[in-house]
Amino acid sequence: MPEPTPLSSAASPSASSTEFSPSAFSTAVVSWFAVAARDLPWRRPGFTAWGTLVSEFMLQQTPVVRVVPRLAEWLARWPTPASLAASPAGDAVRAWQSLGYPRRALNLHACAVAITSRFGGEVPRDVPSLLSLPGVGDYTARAVAVFAYGDRHPVVDTNIRRVIARAVDGAPDAAAPNARRDLPAMAALLPPSDADAARFNAGMMELGALVCTARAPRCSSCPVADLCAWRAAAYPSAPVARRPVQKKYEGSDRQARGIVLGVLRASDDPVPHTALAEALPDPARLGRALAGLLADGLLVTPAADLYALP
DNA sequence: TGTCCACGTCT
DNA sequence: AAGACGTGGAC
């Protein structure tokens, strides 16, 4: 729930009569971002488009603090798409370590292959080409175009959807994701210049991650508190629309996949079925995990009774 | 101690 | 289009 609400300033005469101003809003976010931004390596000058693609891939499902060390190792080893394309996909899965969702490692390797074969080794710059890469969706494609190439596009992640829902729409939380609505909503807020648009995209993500958080927004530290429609409306509360709870991980097939992959990652050589059965004694669960990983391309069987990373 | 939660893409 | 997909930190 929001902090105790000093509504005195929001209750000023202008608050309800003034229309929402995108330029005032974006200016406040960009100014705040210049001061409050975290030191994220892929936003430092000199970062390559490949580095941005790798970082955004890792960030698809994983918090910044866990990504940073993996990213440095990854780029030291594979500084270009061609270098990764020349390695086996299994090496990418190993280097992914415990970032989670290992199919992202496989997709990133497939991106390296596609970039090398279809784009002359250069990460493409236009959004449709980026979207054609495996594992690259609306978010990653535009994040690369904006942060690596400096072009002007709306980037929409879950944090930005929440900030817009609150500050612009006066709602407690974002509705279900919908690109046909979310992308234009963000586009309508973008400042005119490419450089400011990039800062605004990054600033909105940081604002949602650090200040306008899902459960305990820090409104007293918010650079747009005075412009926020949700705050002006005295924080109407949500009719608690809880999303369906995630299934229990313990004992799940999901966990089983992780266990199998952990064994394979730890071994330089293909492992026999008995080694997997030792780590995962439930034969039915092991069978489902192996079938799933095989279907996803995260597992190969180089010989009868042997299992390995691709 | 555990249960809940976040995260983007694909199908 | 609802659900699968992994992990580690918050509560």
Side-chain angles (χ1 to χ4, degrees), chain A residues 1 40 52-71 92-111 114 127 130-144 146-147 154-163 173-183 186 201 204-206 208-210 212-218 238 240-265 279-280 285 288-299 309:
Chain A
M1 83 185 124
L40 305 180
T52 301
L53 179 64
V54 174
S55 69
E56 293 299 346
F57 241 96
M58 291 181 171
L59 288 165
Q60 279 173 5
Q61 299 295 307
T62 308
V64 167
V65 288
R66 289 172 55 203
V67 162
V68 169
R70 294 294 146 270
L71 178 64
V93 176
R94 265 195 200 86
W96 198 255
Q97 298 188 27
S98 60
L99 283 177
Y101 293 96
R103 61 173 52 162
R104 288 183 296 161
L106 215 49
N107 280 336
L108 187 49
H109 182 270
C111 276
V127 170
L130 286 162
L131 285 171
S132 77
L133 297 172
V136 174
D138 285 328
Y139 166 78
T140 307
R142 288 172 180 81
V144 170
V146 168
F147 299 129
V155 178
V156 174
D157 71 352
T158 193
N159 289 318
I160 288 181
R161 291 192 310 104
R162 182 174 58 251
V163 173
D173 274 303
N178 178 340
R180 299 179 70 85
R181 188 193 58 233
D182 298 338
L183 288 171
M186 182 61 176
N201 277 309
M204 286 284 278
M205 288 197 279
E206 289 289 277
L210 302 178
C212 195
T213 57
R215 289 194 281 179
R218 299 164 174 83
V240 236
R242 292 325 302 157
R243 59 178 60 76
V245 285
Q246 186 169 301
K247 278 187 190 155
K248 192 160 73 169
Y249 186 63
E250 189 65 33
S252 66
D253 285 355
R254 233 176 158 176
Q255 180 193 38
R257 288 167 58 104
I259 291 169
V260 170
L261 227 39
V263 172
L264 297 179
R265 264 200 306 261
L280 188 56
R285 248 178 109 206
R288 290 193 298 270
L290 292 175
L293 290 169
L294 205 53
D296 287 347
L298 282 163
L299 172 75
L309 294 177

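Every chain is numbered from 1, with letters handed out A, B, ... down the list of sequences. Values reported hereafter were calculated over all heavy atoms of this structure, with side chains retained and with hydrogens, waters and symmetry mates removed. Computed from a predicted structure; not experimentally measured.
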Exercise for review: Can you tell me the distance, in whole Å, between the CD atom of E250(A) and the P atom of dT7(C)?
Suggested key: 13 Å
Practice item. Select base, sugar-phosphate, or nothing to describe what N178(A) touches, counting heavy atoms under 4.0 Å on all strands. Key: nothing
Review point. Across the strands shown, which category fits D296(A) at heavy-atom distances under 4.0 angstrom: base, sugar-phosphate, nothing?
Key: nothing
Practice item. With sequence neighbours left out, write down each residue that passes salt bridge (Lys or Arg N to Asp or Glu O under 4.0 Å) with E206(A), or none if nothing qualifies. Key: R38(A), R43(A)
Check your understanding: Residues two or more places apart in sequence or in another chain: which of them pass salt bridge (Lys or Arg N to Asp or Glu O under 4.0 Å) with R104(A)?
Key -> none
Review point. Using a cut-off of 4.0 Å on non-hydrogen atoms, how would the nucleic acid contact of P177(A) be classed: base, sugar-phosphate, or nothing?
Key: nothing
Review point. Using a cut-off of 4.0 Å on non-hydrogen atoms, how would the nucleic acid contact of R265(A) be classed: base, sugar-phosphate, or nothing?
Key: sugar-phosphate
Review point. dG8(B) C1' sits how many Å from R142(A) CZ, rounded?
Key: 13 Å
Point to revise | Closest to side chain of D157(A), choosing from dG6(C), dC11(C), dG8(B) | key: dG8(B)
Exercise for review: Round to a whole Å and report the spacing from CZ of R288(A) to P of dC5(C).
Suggested key: 11 Å
Practice item. Go through dA6(B), dT7(C), dG8(B) for me and flag the one nearest to the S98(A) side chain. Key: dT7(C)
Point to revise | Partners meeting salt bridge (Lys or Arg N to Asp or Glu O under 4.0 Å) with D296(A) (sequence neighbours left out) | key: R103(A), R257(A)
Review point. Taking CZ from R103(A) and P from dT7(C), how many angstroms apart are they, rounded to a whole number?
Key: 13 Å
Review point. Heavy atom of residues 59-67 of chain A under 4.0 Å from DNA chain C: which residues?
Key: Q61(A), R66(A)
Point to revise | Distance in angstrom units between W96(A) CH2 and dG8(C) C1', rounded | key: 16 Å
Point to revise | Pair listing, salt bridge (charged side-chain N to carboxylate O under 4.0 Å, His left out) test, anchored in residues 133-144 of chain A, at least two apart | key: D138(A)-R142(A)
**Study point:** Rounded interatomic separation in angstrom, taking CZ from R254(A) and P from dT3(B)
**Key:** 16 Å
Practice item. Identify which nucleotide among dT3(B), dA4(C), dC11(C) has an atom closest to any side-chain atom of K248(A), counting heavy atoms from C-beta outward. Key: dT3(B)
**Study point:** N or O in side chain of Y101(A) less than 4.0 angstrom from dG8(B) OP1/OP2
**Key:** no
**Study point:** Check: Y101(A)/Q60(A) side-chain N/O donor and acceptor closer than 3.5 Å
**Key:** no
**Study point:** Touch class at under 4.0 angstrom, heavy-atom based, for N107(A) against every strand present
**Key:** nothing
Exercise for review: Quick one: list whatever passes salt bridge (Lys or Arg N to Asp or Glu O under 4.0 Å) with R94(A), sequence neighbours left out.
Suggested key: D91(A)
Exercise for review: Would you classify Y139(A) as touching base, sugar-phosphate or nothing, given that sugar-phosphate means primed atoms plus P, OP1 and OP2, and contacts are heavy atoms under 4.0 Å?
Suggested key: sugar-phosphate
Review point. Taking only N and O in the side chain of R257(A), is any of them less than 4.0 Å away from OP1 or OP2 of dG6(C)?
Key: yes
Check your understanding: How about R285(A) and Q255(A): does a side-chain donor come under 3.5 Å of a side-chain acceptor?
Key -> yes
